[in-house]
A.B. asks: 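Quick one: this structure, given as structure tokens, is what I'll be asking you about.
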Number of protein chains: 2
Amino acid sequence: MNAYNFIKDSIIQGKYQPGMRLTEEYLAQELKISRTPIREAIKQLKTEGLIIPLKKGVSVRDFTKEDIRQIYDLRTLLEGYSAAQAAASRTEEDLIKLTEANLLYEEAINQYVEGDFDQIVKIVEMNQLFHDAIINASKNQHIHFHISRVVVVPIVFRSFYWYSKEKLKRSLDYHKIILQAIESQDTERARIAMHEHIYQGRDQVLTHLEDLKNDVSYKEETK
Amino acid sequence: MNAYNFIKDSIIQGKYQPGMRLTEEYLAQELKISRTPIREAIKQLKTEGLIIPLKKGVSVRDFTKEDIRQIYDLRTLLEGYSAAQAAASRTEEDLIKLTEANLLYEEAINQYVEGDFDQIVKIVEMNQLFHDAIINASKNQHIHFHISRVVVVPIVFRSFYWYSKEKLKRSLDYHKIILQAIESQDTERARIAMHEHIYQGRDQVLTHLEDLKNDVSYKEETK
DNA sequence: TATATTTTTATTGTATACAATCAAATTGAG
DNA sequence: CTCAATTTGATTGTATACAATAAAAATATA
């Protein structure tokens, strides 16, 4: 794994906590490589908005409640559009891929027992696979670029910890509704179902944001 | 001016033509600096999608007609949303800034005589100032990040060459309609006017894309 | 003691050397 | 002559040394 992916994953999974200062030297030692590749990774993460520049060094971005709201508003807009376009332009092959992705998502949810970190990683991955398949079916390559930058937010990943199995199943139900709408080429149904699906995700994050910020592992490493 | 801005401007203004291969060595000599800062700039431009990686080196991205369509669809979506939000949340201060920006745009257009490169740069700048003021009034910081990546496309810049004074004035008229809608907090009027404004820009680009690709200066440098 | 000034230290910015890798040219075998 | 193997050359990837700069600490001055 390269420096960029290592640092990014560490941020997303919460190993490097929001507000934590990162220096090139520190990361170089951590990965046992020189500063050069570290600097590149930092530059990229800065461009993506996952870390923010300090006077010297950078710090892991801390997303506020307002940030979450704004990001989810955007995500709703983009993914809603994406779902509508997918409904309009989907091929038979797209449908097969969407169905497959959703089956994998279902499987991952069924195998989940509360607190299993690796399985959460899997669920997040499979969820993303489904959303990516929709973007793909929408036939707009550029939208993928933007959604991926809206979605990759540490708090979103960590929010999956707080999902009950029931809530995960409801999320799966929405995937099925969206898939159905795309299959029957009902663009507005697809858009609205996606809107609702994303907003339910947002509510989940907002509800547990306080819990997240009071999380022990969170506080200990940032002070 | 740093390496990043130099290369970016060169691409946007057409000095480095679509498809042109860029090597670190070449750019280092061009800017009379070492490869290190060049590498950073390239990484960033790659992340932004303005250049695409080759097996060795990179090349300036060539946007197809389909790219333009997709990008403008996205831009319409984002800026339409932005205008609607601005209409909902604008303050008196926002209105003052919007009015000022539009006056500067009007001024720049009035002073324009066909083919004046520096004045085109000015017009593009002032146009952007107005659009930025809307995003600002929308109170969603994150949307700026995305729109700036949708808008910064070399062809958009170069398309201004083909604007007649008449078309520029029509563009200004739309700014005024949008401003009026934002002032009277008419969210849907603001959104629709922005949609129309952006799509007229798209049509302008698409109409002259062929001319652009047949441009002498374009062909000579890319072969 | 409080504040301005200097010195020290930590950290990033840049240049450069060398290693790794990929593409093109060259050579050799059938 | 054609195609595969090898060599050569161009280019990027990485490490590292040193310069520039900003923050922190120490010192001096009121």
Side-chain angles (χ1 to χ4, degrees), chain A residues 1-12 14-62 145 148-149 152 154 220-223, chain B residues 1-12 14-63 145 148 152 154 220-223:
Chain A
M1 188 183 285
N2 60 22
Y4 167 74
N5 283 116
F6 179 89
I7 300 170
K8 185 170 157 184
D9 286 354
S10 297
I11 291 173
I12 289 173
K15 195 183 154 202
Y16 297 151
Q17 303 282 343
M20 181 180 177
R21 182 168 176 239
L22 299 173
T23 65
E24 294 178 5
E25 196 85 24
Y26 167 76
L27 291 168
Q29 283 170 4
E30 195 88 339
L31 305 203
K32 293 186 226 310
I33 54 176
S34 84
R35 274 176 48 215
T36 309
I38 299 291
R39 302 193 79 245
E40 278 192 12
I42 285 180
K43 183 119 241 169
Q44 199 168 338
L45 290 165
K46 222 188 278 175
T47 307
E48 291 178 9
L50 233 61
I51 58 182
I52 53 172
L54 298 162
K55 325 67 175 329
K56 286 247 153 169
V58 296
S59 75
V60 177
R61 179 156 184 182
D62 190 9
F145 181 90
S148 68
R149 266 156 193 67
V152 178
E220 273 184 8
E221 289 191 36
T222 28
K223 69 142 182 267
Chain B
M1 190 183 285
N2 60 19
Y4 167 75
N5 284 114
F6 179 88
I7 300 169
K8 185 169 159 187
D9 286 354
S10 297
I11 291 173
I12 289 174
K15 195 182 154 202
Y16 297 151
Q17 302 284 341
M20 181 179 178
R21 184 171 174 236
L22 299 173
T23 64
E24 295 178 5
E25 196 85 25
Y26 167 75
L27 291 169
Q29 284 170 5
E30 194 89 339
L31 305 203
K32 293 185 228 305
I33 54 176
S34 84
R35 275 175 49 217
T36 310
I38 300 290
R39 302 191 81 246
E40 279 191 11
I42 286 179
K43 182 119 245 166
Q44 199 168 339
L45 291 164
K46 224 188 277 176
T47 307
E48 291 177 10
L50 233 61
I51 57 183
I52 52 174
L54 268 35
K55 325 79 189 304
K56 287 247 149 168
V58 296
S59 75
V60 178
R61 177 154 187 184
D62 190 8
F63 291 93
F145 182 90
S148 70
V152 177
E220 273 183 8
E221 289 189 38
T222 29
K223 71 142 182 269

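A, B, ... follow the sequence lines: proteins, then strands. Residue 1 opens every chain. Scope of the values below: all heavy atoms of this structure, side chains included, with no hydrogens, waters or symmetry mates. All values derive from a computational prediction rather than experimental measurement.
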A.B. asks: Are any of B:Arg39's side-chain N or O atoms less than 4.0 Å away from OP1 or OP2 of D:dT14?
C.D. replies: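 The answer is no; no side-chain N or O of B:Arg39 sits under 4.0 Å from OP1 or OP2.
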
A.B. asks: When the nearest nucleotide of DNA chain C is assigned to B:Lys55 and to A:Val58 on a heavy-atom basis, which residue is associated with the more 5' position?
C.D. replies: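 Nearest-nucleotide comparison on DNA chain C picks A:Val58.
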
A.B. asks: To the nearest angstrom, how far is A:Tyr4 atom OH from D:dT14 atom P?
C.D. replies: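 Taking OH of A:Tyr4 and P of D:dT14, I get 16 Å after rounding.
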
A.B. asks: Whole-Å distance between D:dT12 C1' and B:Ile51 CD1?
C.D. replies: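 Value for this atom pair: 13 Å.
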
A.B. asks: Taking atom C1' of C:dT11 as reference, at what distance in whole Å does atom CD1 of A:Ile42 sit?
C.D. replies: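 Distance, rounded to whole Å: 11 Å.
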
A.B. asks: Mind calculating the distance between CD (B:Glu40) and P (C:dT12) to the nearest angstrom?
C.D. replies: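 Going from B:Glu40 (CD) to C:dT12 (P), I get 12 Å.
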
A.B. asks: Any idea which heavy atoms bring A:Val58 and A:Pro53 closest together, and the distance?
C.D. replies: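 Reported closest heavy-atom pair: CG1-CA, 4.1 Å.
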
A.B. asks: Can you find a heavy atom in the side chain of B:Ile42 that is under 4.5 Å from one in the side chain of B:Leu22?
C.D. replies: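 Side-chain contact under 4.5 Å: no.
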
A.B. asks: Once rounded to the nearest 0.5 Å, what's the spacing between atom CD of A:Gln44 and atom OG1 of B:Thr47?
C.D. replies: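 So the CD of A:Gln44 and the OG1 of B:Thr47 are separated by 3.5 Å.
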
A.B. asks: Could you give the CG-to-P distance, from A:Asn2 to D:dG13, as a whole number of Å?
C.D. replies: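 Checked: the CG to P distance equals 11 Å.
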
A.B. asks: Within this structure, what is the CZ-to-P distance between A:Arg21 and C:dA10, rounded to whole angstrom?
C.D. replies: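 In whole Å, C:dA10 P and A:Arg21 CZ are 12 Å from each other.
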
A.B. asks: Starting at atom NZ of A:Lys43, determine the distance to atom P of C:dG13, rounded to an integer number of angstrom.
C.D. replies: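 After rounding, the reported distance stands at 7 Å.
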
A.B. asks: To check you understand the geometry: which heavy-atom pair defines the closest contact between B:Gly19 and B:Asp62, and what is its length?
C.D. replies: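 Here B:Gly19 and B:Asp62 meet closest at N-CB, 4.4 Å.
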
A.B. asks: Would you compute the distance between atom CZ of B:Phe145 and atom CD of A:Glu48 and round it to the nearest 0.5 angstrom?
C.D. replies: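 One finds 7.0 Å between CZ of B:Phe145 and CD of A:Glu48.
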
A.B. asks: Taking all non-hydrogen atoms of both residues, which atom of B:Lys8 and which atom of B:Leu50 are closest, and how far apart?
C.D. replies: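 Looking at all heavy atoms of both residues, the closest pair is CG-CD2, 4.1 Å.
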
A.B. asks: Scan B:Thr36 against the nucleic acid and name what it touches under 4.0 Å (heavy atoms): base, sugar-phosphate only, or nothing.
C.D. replies: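 Counting heavy atoms under 4.0 Å across all strands, the contact made by B:Thr36 includes a base.
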
A.B. asks: What's B:Lys56 touching, base or sugar-phosphate or nothing? Going by heavy atoms closer than 4.0 Å.
C.D. replies: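 If one applies the 4.0 Å heavy-atom cut-off, B:Lys56 turns out to touch a base.
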
A.B. asks: Find the distance A:Lys46:NZ to C:dG13:P and express it as a whole number of Å.
C.D. replies: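 About 6 Å, once rounded to whole Å.
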
A.B. asks: Output the residues of residues 26-35 of chain A in contact with DNA chain C, where contact means a heavy atom of the residue under 4.0 Å from an atom of the strand; sort by number or write none.
C.D. replies: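 Within this stretch, A:Arg35 sit under 4.0 Å of the strand.
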
A.B. asks: How bent is the helix from C:dT1-D:dA30 to C:dG30-D:dC1, measuring the angle between the end axes built from five pairs each, rounded to 10°?
C.D. replies: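 Between the first-five-pair axis and the last-five-pair axis there is 0°.
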
A.B. asks: Could you grab the distance from atom CD1 of A:Ile51 to atom CD1 of A:Ile11, nearest 0.5 Å is fine?
C.D. replies: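 Answer rounded to 0.5 Å: 6.0 Å.
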
A.B. asks: Can you name the closest pair of heavy atoms from A:Pro18 and A:Arg61 and give their distance?
C.D. replies: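 Residues A:Pro18 and A:Arg61, closest heavy atoms: CB-O, 3.7 Å.
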
A.B. asks: Can you name the nearest heavy-atom pair linking A:Pro37 to A:Ala3, along with the distance?
C.D. replies: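 So the minimum-distance heavy-atom pair works out to O-CB, 4.1 Å.
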
